[in-house]
Peer 1: 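Have a look at this one before I ask anything.
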Amino acid sequence: MLARARETIERMLGAESYDRFFDEVVGQQPLFIADDSQRQRLTLFPGNTRQTILAAYDSRSSLLTHHAARPTGPAPGRRRAGSAAEFAALIAEHHRNGHTVRIPDAAPLFPALARCVRALEAVLLVRVEAELFWSSEGLSAPVHYDNSDIIAIQLFGAKRWWVSTRPSSLPNPWKLAGERASELGPARHYDMTAGDLLYIPRGTLH
């Protein structure tokens, strides 16, 4: 089982060394991996990604959350969409008011992604969650840190990440921690396009 898990993770990492990733990167420092042109990571999301998400309107539309650094209006209240078209309209309403949409529990929507999640759980021995973020041009997130490590894969479009160069403020063991921070401080930026991967340790401001 662990051998299959390693193979799955290696496909996700591409040219990055599996051993270096877990020995020198995880829990210690951010890592950006550019698309290898074979788009191996995008095979986790086959077909029309947007269409697949919208087709899950019955199970996902009422679970949406959101974030915004500079909202232009309130986010819509939670509600269940009655069709894919209504789900798309709900997401567009978030975007019009300056909010990026977060779609939780995404792994069941994509079998290959679910296999990758299970592989990470087998290696890390912690629960792994997959979420999708759907934004529109010009939107941004407030400065914050997360209580878990992040592996972000860009599916389409482009996104600029600003990541603090300061060490994580959280210890390496799994831990729930608190408040959002308001200032990023010294940081490095990463411009992500389709197929790129960015790893950010828990507790790292971004």
Peer 1: What are the two closest heavy atoms between Leu42 and Gly195, and how far apart are they?
Peer 2: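 The answer is CD2-N, 3.7 Å.
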
Peer 1: At what distance, to the nearest 0.5 angstrom, does NE2 of His99 lie from OG1 of Thr72?
Peer 2: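 Here the rounded value is 6.5 Å.
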
Peer 1: Kindly indicate whether the side chain of Asp58, heavy atoms from C-beta on, has any atom under 4.5 Å from the side chain of Arg80.
Peer 2: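 Yes; the side chains approach each other to less than 4.5 Å.
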
Peer 1: Going by the rule side-chain contact (heavy atoms from CB on, under 4.5 Å), which residues pair with Ala187 if we only count those two or more places apart in sequence or in a different chain?
Peer 2: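 For Ala187 the side-chain contact (heavy atoms from CB on, under 4.5 Å) partners, ignoring immediate neighbours, are Trp162, Leu184.
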
Peer 1: Is any side-chain heavy atom of Leu197 less than 4.5 Å from a side-chain heavy atom of Ile151?
Peer 2: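 Result yes, sub-4.5 Å side-chain heavy-atom pair found.
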
Peer 1: Taking Phe32 as the starting point, is it possible to reach Met12 by hopping between hydrophobic residues whose side chains are less than 4.5 Å apart?
Peer 2: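 Shared cluster, no.
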
Peer 1: I would like to know whether Ile53 and Ile103 meet side chain to side chain contact (heavy atoms under 4.5 Å, CB included); could you show each step before the answer?
Peer 2: CA-CA 9 Å; Ile53 295 168; Ile103 303 167; 3.4 Å; yes

Peer 1: Count I, L, V, M, F, W, Y as connected when their side-chain heavy atoms are under 4.5 Å apart, and connections chain through other members. Are Val128 and Val26 then in the same cluster?
Peer 2: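 They do share one cluster, since a chain of ILVMFWY contacts under 4.5 Å joins Val128 to Val26.
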
Peer 1: Side chains of Tyr145 and Ser168, heavy atoms from C-beta outward: is any pair under 4.5 Å?
Peer 2: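 When only atoms from C-beta onward are counted, Ser168 and Tyr145 do not touch, as no gap falls below 4.5 Å.
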
Peer 1: Using modelled atom types only, decide if a donor and an acceptor are shared between the side chain of Tyr199 and the backbone of Gly27 within a distance under 3.5 Å.
Peer 2: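 Flag set: sc Tyr199 to bb Gly27 pair under 3.5 Å.
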
Peer 1: Which residues satisfy the salt bridge (Lys or Arg N to Asp or Glu O under 4.0 Å) test with Asp105, sequence neighbours excluded?
Peer 2: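 Residues passing salt bridge (Lys or Arg N to Asp or Glu O under 4.0 Å) with Asp105: Arg60.
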
Peer 1: How long is the straight-line distance from CZ of Arg202 back to CD1 of Ile150, given to the nearest 0.5 Å?
Peer 2: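 Rounded to the nearest 0.5 Å, the CD1-CZ separation comes to 11.0 Å.
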
Peer 1: Which atoms form the tightest heavy-atom contact between His95 and Trp134, and what is the distance?
Peer 2: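 For His95 versus Trp134, the nearest heavy atoms are NE2-O, 2.9 Å.
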
Peer 1: Where do Val163 and Pro30 come nearest, in terms of heavy atoms and distance?
Peer 2: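 That would be CG1-CG, 3.8 Å.
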
Peer 1: His206 and Asp146: side-chain donor and acceptor closer than 3.5 Å?
Peer 2: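 Checked: His206/Asp146 side chains pair up, N/O donor to acceptor below 3.5 Å.
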
Peer 1: Which residues pass the ring pair (Phe, Tyr, Trp, His ring centres under 6.0 Å) test with Phe87, not counting sequence neighbours?
Peer 2: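 With neighbours one apart ignored, the set is empty.
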
Peer 1: Could you check whether any side-chain N or O of Gln154 sits under 3.5 Å from a backbone N or O of Phe156, counting only pairs where one atom can act as donor and the other as acceptor?
Peer 2: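 Yes, the answer is positive, given that a donor and an acceptor are paired below the 3.5 Å cut-off.
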
Peer 1: To the nearest 0.5 Å, how far apart are SG in Cys116 and CD in Glu121?
Peer 2: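 Cys116 SG to Glu121 CD: 10.5 Å, rounded to 0.5 Å.
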
Peer 1: Do you reckon Leu63 sits in the same ILVMFWY cluster as Leu113, going by side-chain contacts under 4.5 Å, direct or chained?
Peer 2: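 Different clusters: Leu63 never reaches Leu113 through Ile, Leu, Val, Met, Phe, Trp or Tyr contacts under 4.5 Å.
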
Peer 1: Specify the closest pair of heavy atoms between Ser135 and Leu139, including all atoms of both residues, with the distance to one decimal.
Peer 2: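 Closest pair (atom of Ser135, atom of Leu139, distance): OG-CB, 3.4 Å.
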
Peer 1: Can Ile153 and Asp196 be said to form a side chain to side chain contact (heavy atoms under 4.5 Å, CB included), step by step?
Peer 2: CA-CA 6 Å; Ile153 299 173; Asp196 292 348; over 6 Å; no

Peer 1: Just verifying a value: how many Å separate Ile200 CD1 and Asp149 CG, rounded to the nearest 0.5 Å?
Peer 2: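 These two atoms lie 10.0 Å from each other.
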
Peer 1: Hey, could you give me the CD1/OG distance between Ile91 and Ser136, rounded to the nearest 0.5 Å?
Peer 2: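 Rounded to the nearest 0.5 Å, the CD1-OG separation comes to 11.0 Å.
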
Peer 1: How would you list, by chain and number, every residue that makes a salt bridge (Lys or Arg N to Asp or Glu O under 4.0 Å) with Glu86, sequence neighbours excluded?
Peer 2: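 Expected list: none.
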
Peer 1: Check whether any side-chain heavy atom of Ile33 lies under 4.5 Å from a side-chain heavy atom of Phe21, and answer yes or no.
Peer 2: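 Of all side-chain heavy-atom pairs linking Phe21 with Ile33, none is under 4.5 Å.
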
Peer 1: Could I get the full list of side-chain contact (heavy atoms from CB on, under 4.5 Å) partners for Phe133, not counting sequence neighbours?
Peer 2: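 Residues passing side-chain contact (heavy atoms from CB on, under 4.5 Å) with Phe133: His67, Thr100, Arg102, Glu131.
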
Peer 1: Just to verify, what does Arg160 make a salt bridge (Lys or Arg N to Asp or Glu O under 4.0 Å) with, not counting sequence neighbours?
Peer 2: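 With sequence neighbours excluded, Arg160 shows a salt bridge (Lys or Arg N to Asp or Glu O under 4.0 Å) to Asp191, given in chain and number order.
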
Peer 1: With no hydrogens and no angle check, is any side-chain donor or acceptor of Ser164 less than 3.5 Å from a backbone partner on Thr204?
Peer 2: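 Side chain of Ser164 to backbone of Thr204, a donor-acceptor pair under 3.5 Å: no, none is there.
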
Peer 1: Are Leu44 and Val123 connected in a single hydrophobic cluster, I mean Ile/Leu/Val/Met/Phe/Trp/Tyr linked by side-chain heavy atoms less than 4.5 Å apart?
Peer 2: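 Same hydrophobic cluster.
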
Peer 1: Hey, are the side chains of Leu198 and Leu31 touching, using non-hydrogen atoms and a 4.5 Å cut-off?
Peer 2: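 Leu198 vs Leu31: side chains apart.
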
Peer 1: So, for Ala107 and Val117, which heavy atoms are closest and what is the spacing to 0.1 Å?
Peer 2: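 What the structure gives for the nearest pair is CB-CG2, 4.1 Å.
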
Peer 1: Salt bridge or not for Asp19 and Arg6, using N-O below 4.0 Å?
Peer 2: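 Result for this pair is yes, salt bridge flagged.
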
Peer 1: To the nearest 0.5 Å, what is the distance between CZ (Arg41) and CG (Asp36)?
Peer 2: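 Here the rounded value is 5.5 Å.
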
Peer 1: Out of curiosity, does Leu120 fall in the hydrophobic cluster containing Tyr18 (side-chain heavy atoms, cut-off under 4.5 Å, transitive links)?
Peer 2: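 Yes; Leu120 is reachable from Tyr18 via cluster members.
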
Peer 1: Below 4.5 Å, heavy atoms only, C-beta onward: do Phe22 and Ile9 meet side chain to side chain?
Peer 2: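 Heavy-atom side-chain distance check passes, below 4.5 Å.
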
Peer 1: Which ILVMFWY residues are connected to Leu2, directly or by a chain of links, through side-chain heavy atoms under 4.5 Å apart?
Peer 2: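 In the cluster with Leu2 there is nothing else; it is isolated.
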
Peer 1: Sequence neighbours left out, what passes side-chain contact (heavy atoms from CB on, under 4.5 Å) with Arg78? Give chain and number order.
Peer 2: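 side-chain contact (heavy atoms from CB on, under 4.5 Å) check on Arg78 returns Thr65.
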
Peer 1: Restricting to side chain to side chain donor-acceptor pair (under 3.5 Å), what partner residues turn up for Glu129, sequence neighbours left out?
Peer 2: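 Scan of Glu129 (side chain to side chain donor-acceptor pair (under 3.5 Å), adjacent residues dropped) gives Arg127.
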
Peer 1: Is a side-chain donor or acceptor of Asn97 paired with a backbone partner of Pro74 at a separation under 3.5 angstrom?
Peer 2: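 Yes; judged by distance alone, with no hydrogens or angles, the pair exists.
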
Peer 1: Mind jotting down which residue pairs meet the ring pair (Phe, Tyr, Trp, His ring centres under 6.0 Å) criterion with at least one end in residues 35-56? Sequence neighbours excluded, please.
Peer 2: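 Counting only pairs at least two positions apart or across chains, the ring pair (Phe, Tyr, Trp, His ring centres under 6.0 Å) contacts touching residues 35-56 are Phe45-Phe110.
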
Peer 1: Which heavy-atom pair separates Ala81 from Ser61 by the least distance, and what is that distance?
Peer 2: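 Where Ala81 meets Ser61 most closely, the heavy atoms are N-OG, 2.8 Å.
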
Peer 1: Is a side-chain donor or acceptor of Thr8 paired with a backbone partner of Arg4 at a separation under 3.5 angstrom?
Peer 2: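 Pair found, side chain donor or acceptor close to backbone of Arg4.
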
Peer 1: Tell me, please, which residues at least two apart from Arg20 pass salt bridge (Lys or Arg N to Asp or Glu O under 4.0 Å).
Peer 2: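 By the salt bridge (Lys or Arg N to Asp or Glu O under 4.0 Å) rule, Arg20 matches Glu16, Glu24.
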
Peer 1: What I'd like to find out is whether the side chain of Arg188 reaches to under 4.5 Å of the side chain of Trp161, using heavy atoms alone.
Peer 2: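 The answer is no; the side chains never approach within 4.5 Å.
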
Peer 1: With sequence neighbours left out, what residues match Pro76 under side-chain contact (heavy atoms from CB on, under 4.5 Å)?
Peer 2: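 Applying side-chain contact (heavy atoms from CB on, under 4.5 Å) to Pro76 gives Arg79, Leu90, Glu93, His94.
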
Peer 1: Is any side-chain heavy atom of Gln28 closer than 4.5 Å to a side-chain heavy atom of Pro201?
Peer 2: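 No, every pair of side-chain atoms sits at 4.5 Å or beyond.
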
